[in-house]
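This report concerns only the one structure given below.
If you read the sequence from its start, that first residue is 1, and numbering goes on from there.
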Amino acid sequence: NDSAYFMHIVQTRPPETIANICICLIKQTTFMLQKQMDKLEGNFLQKGGLRERMMKERLDERAKQKNGYRK
């Protein structure tokens with residue numbers, strides 16, 4: 001998180017090395033974002049979206065009220 005650390009690296013390395021570091025960071029970031037998107041997709045498929053979950057909660061609450069139960 002300290003930009004001074006990175007400035008030291010940039011100033012002491014050849015441009016080709018800096019370019020390779022950038023490419024590696026981009027690939028790592030892309031990989032992590034893809035993993036996050038896959039996880040979110042899995043959660044969506046298993047649990048549904050926000051509207052689906054809200055509708056289920058409303059229907060569950062109505063069913064409880066209809067049967068005489070309250071939270």
Listed partners of Lys47 passing side chain to side chain donor-acceptor pair (under 3.5 Å), at least two apart: none
Going by atom type alone, with no hydrogens or angles, which donor-acceptor pairs under 3.5 Å involve a side-chain atom of residues 37-46 and a protein atom two or more places apart or on another chain?
from	atom 1	to	atom 2	distance (Å)
Asp38	OD1	Gln34	NE2	2.9

Rounded distance [0.5 Å steps], NZ in Lys56 versus CD in Glu61: 11.5 Å
Cluster companions of Met54 among Ile, Leu, Val, Met, Phe, Trp, Tyr (side-chain spacing under 4.5 Å): Leu50
Hydrophobic cluster of Leu59, others only, ordered by chain and residue number, side-chain cut-off 4.5 Å: Met55
Under 3.5 Å, which donor-acceptor pairs link side chains of residues 7-31 to any protein atom two or more places apart or in another chain?
from	atom 1	to	atom 2	distance (Å)
Thr12	OG1	His8	O	2.9
Thr12	OG1	Ile9	O	3.4
Asn20	ND2	Glu16	O	3.4
Thr29	OG1	Leu25	O	2.8
Thr30	OG1	Ile26	O	2.8

